[in-house]
Engineer: 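Encoded as structure tokens, here's the structure I'll be asking about.
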Amino acid sequence: MTSVETPMVRADRVCKSFGAVKVLKGISLEVGRGQVTCLIGPSGSGKSTFLRCINHLERVDAGRLYVDGDLVGYVERGSKLYELHPRAAAKQRRDIGMVFQHFNLFPHRTVLENVIEAPILVKKLKRDEAVEKARDLLARVGLADKVDAYPAQLSGGQQQRVAIARALAMDPKLMLFDEPTSALDPELVGEVLAVMRDLADGGMTMVVVTHEMGFAREVADQLVFMDGGVVVEAGDPRQVLADPKESRTREFLSRLL
Ligand code: ADP
Ligand code: MG
């Protein structure tokens with residue numbers, strides 16, 4: 001059952017281990033519709049793993065993870081969980097866009113071909129429609145003149161904007177960003193953050209792992225600090241940044257400056 005009140009993401013004591021290593025130790029958080037949540041925390045704290053669980057790239061071991069009211073990867077009958085049929089899982093996943101630190105574009109395809117691929121293959125869009133939509137999206141991320149370029153001919157910032165357009169071409173209801181600017185030269189960070197801010201202003205629900213505190217302060221509705229596989233502190237970004245409640249948050253933030 002979904003309604004406007006259902007959060008877009010709800011994690012309830014989500015746990016994930018790799019072998020004997022517990023990486024997520026009971027993550028609970030909510031991301032409201034149209035809201036931006038920034039996830040911060042030291043390397044190894046489980047941020048990527050959490051995003052990957054949302055996007056079906058990892059399987060949750062315990063706890064419940066919901067996107068748009070639907071349990072991710074499982075169906076619940078009574079108190080028991082059953083794995084979703086792969087087709088149903090793929091359908092869930094289709095509605096979630098993800099952008100990685102390393103843009104993962106197809107190197108031997110043009111920008112336009114990169115963007116139209118999934119809509120044609122997965123959404124069964126007609127090529128003409130997919131092309132028209134891709135051109136619109138590429139214009140929106142400021143790359144109208146690069147449709148026929150190959151990824152290697154673009155700067156890192158331009159490639160990342162293509163990756164964002166490619167994710168948007170699937171009409172996601174949720175966008176996940178895993179350190180989208182960490183691999184970029186400093187002078188290229190701003191153009192990618194500007195595109196993300198524009199998306200947020202347009203009402204997209206976003207979960208963003210980032211160390212760009214200016215972006216978090218100005219764009220995020222919620223800032224979540226993770227450490228050691230738990231949420232240490234979460235709240236209004238301005239409040240958390242200006243006056244962290246937990247000493248671990250304070251220490252982490254002081255090391256960033
Ligand atoms: P973060 O994104 O916060 O840096 P990660 O979620 O990438 O943290 O990793 C958290 C921990 O989980 C790390 O110790 C990492 O080595 C471990 N880990 C992540 N993915 C795997 C995997 N596929 N197999 C084994 N260990 C993993
Ligand atoms: Mg990571």
Engineer: Please list all pairs passing the salt bridge (Lys or Arg N to Asp or Glu O under 4.0 Å) test where one or both residues lie in residues 91-107, with sequence neighbours left out.
Structural biologist: D95-K173
Engineer: Name the atoms and distances for all side-chain donor-acceptor pairs under 3.5 Å in residues 10-28, with sequence neighbours left out.
Structural biologist:
| unit_1 | atom_1 | unit_2 | atom_2 | d |
| --- | --- | --- | --- | --- |
| K16 | NZ | R59 | O | 2.9 |
| K25 | NZ | G228 | O | 3.3 |
| S28 | OG | R13 | N | 2.8 |

Engineer: Would you say NZ of K245 has more than 12 non-hydrogen atoms from neighbouring residues, nucleotides or ligands within 6.0 angstrom?
Structural biologist: no
Engineer: What salt bridge (Lys or Arg N to Asp or Glu O under 4.0 Å) pairs are there with at least one residue in residues 228-242, not counting sequence neighbours?
Structural biologist: none
Engineer: Could you state whether V67 and V60 fall into the same hydrophobic cluster, counting links through intermediate Ile, Leu, Val, Met, Phe, Trp or Tyr residues with side-chain heavy atoms under 4.5 angstrom apart?
Structural biologist: yes
Engineer: Supply the members, apart from L125, of the Ile/Leu/Val/Met/Phe/Trp/Tyr cluster built from side-chain contacts under 4.5 Å; use none for a lone residue.
Structural biologist: none
Engineer: With E179, which residues qualify under side-chain hydrogen bond (donor to acceptor under 3.5 Å, both in side chains), at least two apart?
Structural biologist: S182
Engineer: Identify which one of I164, N114, L154, N104 satisfies the side-chain contact (heavy atoms from CB on, under 4.5 Å) criterion when paired with Q159.
Structural biologist: L154
Engineer: Residues two or more places apart in sequence or in another chain: which of them pass side-chain hydrogen bond (donor to acceptor under 3.5 Å, both in side chains) with E132?
Structural biologist: none
Engineer: Could you tell me if T110 and D148 have a donor-acceptor pair between their side chains, going purely by distance under 3.5 Å?
Structural biologist: no
Engineer: With ring-ring contact (aromatic ring centres under 6.0 Å, His included) as the rule and sequence neighbours excluded, what pairs involving residues 99-120 come up?
Structural biologist: none
Engineer: Tell me the ring-ring contact (aromatic ring centres under 6.0 Å, His included) pairs involving residues 202-230, sequence neighbours left out?
Structural biologist: F225-F252
Engineer: Between the main-chain N or O of K80 and the side-chain N or O of E76, is there a donor-acceptor pair closer than 3.5 Å?
Structural biologist: no
Engineer: Is there a donor-acceptor contact under 3.5 Å from the side chain of Q160 to the main chain of P180?
Structural biologist: yes
Engineer: Please list, one pair per line, the donor and acceptor atoms closer than 3.5 Å that link side chains of residues 49-56 to other protein atoms, with sequence neighbours excluded.
Structural biologist:
| unit_1 | atom_1 | unit_2 | atom_2 | d |
| --- | --- | --- | --- | --- |
| R52 | NE | E58 | OE2 | 3.1 |
| R52 | NH2 | E58 | OE2 | 3.2 |
| H56 | NE2 | Q92 | OE1 | 3.2 |

Engineer: Looking at K133 and D171, is there a salt bridge between them, counting it only when a charged N and a carboxylate O are closer than 4.0 Å?
Structural biologist: yes
Engineer: Would D198 and R140 pass as an ion pair if we require N to O under 4.0 Å?
Structural biologist: yes
Engineer: Can you tell me which residue pairs pass the side-chain hydrogen bond (donor to acceptor under 3.5 Å, both in side chains) test with a partner in residues 185-194, sequence neighbours excluded?
Structural biologist: R161-E191
Engineer: Could you work out the complete set of other residues in the hydrophobic cluster of Y82, with links drawn between I, L, V, M, F, W and Y side chains under 4.5 Å apart?
Structural biologist: V75, L84
Engineer: Linking Ile, Leu, Val, Met, Phe, Trp and Tyr through side-chain heavy atoms less than 4.5 Å apart, which residues share a cluster with Y74?
Structural biologist: Y66, L71, L81
